[in-house]
Peer 1: 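Following this message is one structure expressed as structure tokens.
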There are 2 protein chains.
Amino acid sequence: MGEEEEAVAAFVEEAGLFYERLGLSRTEGRVMGRLLSAPEDDADAPALCEALGVAKSSMSVSLRRLEQAGLVERFRRPGGRRDRYRLADDVFQRAFRAKMAEFDRFRALAERGLAAVGDDPRRRERLELMRDMYGFMADRFPDLLDEWDRVKQERGR
Amino acid sequence: MGEEEEAVAAFVEEAGLFYERLGLSRTEGRVMGRLLSAPEDDADAPALCEALGVAKSSMSVSLRRLEQAGLVERFRRPGGRRDRYRLADDVFQRAFRAKMAEFDRFRALAERGLAAVGDDPRRRERLELMRDMYGFMADRFPDLLDEWDRVKQERGR
DNA sequence: CGTTTTGTTCGGATCATTCCGAACAAAAGG
DNA sequence: CCTTTTGTTCGGAATGATCCGAACAAAACG
């Protein structure tokens with residue numbers, strides 16, 4: 001294996017670890033790493049199995065889960081016979097929006113807590129802080145994404 | 001069990017699931033839920049074991065990990081004989097800062113990828129986008145936290 | 001000192017997840 | 001139709017994390 005391929009393989013493994021921390025499986029994370037660093041913009045399942053040393057059954061479920069998460073798109077070339085896979089063009093925006101949704105779930109959890117604890121002001125204080133802070137973040141986060149879109153435009157893509 | 005206690009217990013379990021999704025263990029998450037919703041501002045280990053039905057050995061490691069994560073503070077009352085535990089007063093800020101650190105690790109991962117793929121512009125494009133977007137978010141996030149601090153001040157606590 | 005209280009560490013049991021290979025289903029081509 | 005190709009589902013093995021009870025260490029008291 002050439003030096004560069006080895007470095008790319010290392011990157012793929014590291015991406016696997018990173019995405020695993022985010023709740024994907026190791027294999028799903030490695031697929032992300034591969035699609036991020038491969039020379040081609042897309043790949044089919046057998047190629048990914050070969051590149052990553054994964055059984056096609058595992059690849060099948062990994063790709064479906066990535067597809068359902070909106071991180072990977074499945075498509076077929078006109079006249080083609082097998083599915084191909086590529087990163088969604090808004091893959092990072094999606095990741096951030098997922099974070100945002102997480103904020104909102106936390107806000108909702110705080111609401112449930114407030115409903116549970118009743119009137120004691122001391123018990124409510126912490127949960128109100130939690131609710132308001134996560135609510136604030138969920139409010140502001142979309143602006144941040146918009147701002148990024150503008151910056152990206154100006155940068156020219 | 002009273003209606004309210006039951007609702008609080010349900011909240012604790014739900015908090016356990018939420019925090020588990022963030023990378024804590026179930027028990028650690030339940031401790032967070034308990035400290036968020038308990039009538040008292042702090043608790044000792046036996047009380048938490050009793051409330052959550054957890055062995056003291058498990059509680060010991062959970063509390064230490066929460067302490068190391070900066071989510072929970074360990075302290076001892078003057079003249080007291082056992083440690084007590086309370087939520088860090090900046091517990092939510094800390095959670096957000098952890099998210100921010102995650103953004104920066106992703107940026108660093110993209111840098112590693114760029115170092116690995118070499119000069120091919122097509123391969124660099126995706127990774128540069130990843131690097132720049134996560135870098136942008138890591139840049140702007142502290143401002144968001146500052147803004148929240150101001151809002152919280154104005155709100156009056 | 002010896003005793004009691006408090007907190008940590010250890011080994012093993014349990015549980016959930018992930019992954020593989022094989023069987024299966026579905027679709028396309030000839 | 002029948003065959004080939006493609007993708008999914010199933011059962012089980014392996015892995016890793018979590019948790020428990022018991023043994024252990026350390027500190028506070030008398």
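Heavy-atom basis, side chains included; hydrogens, waters and symmetry copies ignored. Residue numbers begin at 1 in each chain, while the letters A, B, ... track the order of the sequences.
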Peer 1: Are there over 12 heavy-atom neighbours, none belonging to A:R112, within less than 6.0 Å of that residue's CZ?
Peer 2: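 Not more than 12 within 6.0 Å, no.
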Peer 1: Please pick, from C:dT8, D:dT8, C:dC20, the nucleotide with the shortest atom-to-atom distance to any side-chain atom of B:S60.
Peer 2: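 So the side chain of B:S60 is nearest to C:dT8.
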Peer 1: When the distance from CZ of B:R64 to C1' of D:dA26 is rounded to whole Å, what number comes out?
Peer 2: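 Going from B:R64 (CZ) to D:dA26 (C1'), I get 15 Å.
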Peer 1: Within the supplied structure, the quantity of interest is the number of heavy atoms (other residues, nucleotides, ligands) at a distance under 6.0 Å from B:R124 CZ; does it exceed 12?
Peer 2: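 For B:R124, atom CZ is crowded (more than 12 foreign heavy atoms under 6.0 Å).
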Peer 1: Expressed in angstrom and rounded to an integer, what is the separation of B:K56 atom NZ from D:dC24 atom P?
Peer 2: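 The answer, rounded to whole Å, is 14 Å.
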Peer 1: My understanding is that only one of B:L63, B:L87, B:L36 makes a side chain to side chain contact (heavy atoms under 4.5 Å, CB included) with B:V31; could you say which?
Peer 2: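 By the side chain to side chain contact (heavy atoms under 4.5 Å, CB included) criterion, B:V31 pairs with just one of B:L63, B:L87, B:L36: B:L63.
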Peer 1: Quick one: which of C:dT18, C:dC20, D:dG7 gets closest to the side chain of A:R65?
Peer 2: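 Nucleotide nearest to A:R65's side chain: C:dT18.
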Peer 1: Whole angstroms only, please: what is the CE-P distance between A:M59 and C:dT18?
Peer 2: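 These atoms are roughly 15 Å apart.
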Peer 1: Do B:L17 and A:M130 share a hydrophobic cluster (ILVMFWY, side-chain heavy atoms under 4.5 Å, transitive)?
Peer 2: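 B:L17 and A:M130: separate clusters.
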Peer 1: Which whole-number value in Å describes the distance from B:R84 CZ to C:dT6 C1'?
Peer 2: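 So the two atoms are 14 Å apart, to the nearest Å.
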Peer 1: Near A:E50 CD, under 6.0 Å, is it more than 12 heavy atoms from other residues, nucleotides or ligands?
Peer 2: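 Counting neighbours around CD of A:E50, 12 or fewer heavy atoms of other residues, nucleotides or ligands fall under 6.0 Å, so no.
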Peer 1: When you get a sec, tell me which of D:dG7, C:dG7, D:dG21 is the closest nucleotide to the side chain of B:A55?
Peer 2: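 So the nucleotide nearest the side chain must be D:dG21.
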Peer 1: Kindly say if A:R74 contacts the phosphate of D:dT8, meaning a side-chain N or O under 4.0 Å from OP1 or OP2.
Peer 2: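 Answer is yes, contact under 4.0 Å.
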Peer 1: Would you indicate which nucleotide in C:dT8, D:dT9, C:dT6 comes nearest to any side-chain atom of B:R81?
Peer 2: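 Of the options given, the side chain of B:R81 lies nearest C:dT6.
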Peer 1: Whole Å only: how far is the CG atom of A:L48 from the C1' atom of D:dT6?
Peer 2: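 Rounding to the nearest Å, CG of A:L48 and C1' of D:dT6 are 15 Å apart.
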Peer 1: Given D:dC20, C:dT8, C:dC20, identify the nucleotide with an atom nearest to the side chain of B:S57.
Peer 2: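 For B:S57, the side-chain atoms sit closest to D:dC20.
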Peer 1: Rounded off to whole Å, could you give me the CG-to-C1' distance for the A:L63 and D:dT9 pair?
Peer 2: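 Nearest whole value for this atom pair: 15 Å.
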Peer 1: Mind running a 4.0 Å heavy-atom check of residues 10-41 of chain B against DNA chain D and sending the residues that fall below it, in number order?
Peer 2: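 B:S25, B:R26, B:T27 - these, ordered by number, are the residues of the stretch whose heavy atoms sit under 4.0 Å from the strand.
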Peer 1: Just the rounded figure in Å: distance from C1' of C:dT6 to CZ of B:R76.
Peer 2: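 Spelled out: CZ on B:R76 to C1' on C:dT6 is 8 Å.
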Peer 1: Tell me the interatomic distance from A:Q68, atom CD, to D:dG7, atom P, rounded to whole angstroms.
Peer 2: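 Interatomic distance, CD of A:Q68 to P of D:dG7: 16 Å.
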Peer 1: When we call it a touch if two heavy atoms are under 4.0 Å apart, what does B:G80 touch: a base, just sugar-phosphate, or nothing?
Peer 2: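 Counting heavy atoms under 4.0 Å across all strands, no contact is made by B:G80.
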Peer 1: Could you give the distance from CG (B:D42) to CZ (B:R74), rounded to the nearest 0.5 Å?
Peer 2: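 Going from CG on B:D42 over to CZ on B:R74, the span is 13.5 Å.
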Peer 1: Could you give me the CA-CA distance, side-chain angles and deciding distance for A:F96 and B:F136, then say whether ring-ring contact (aromatic ring centres under 6.0 Å, His included) is met?
Peer 2: CA-CA 12 Å; A:F96 280 101; B:F136 173 84; 8.9 Å; no
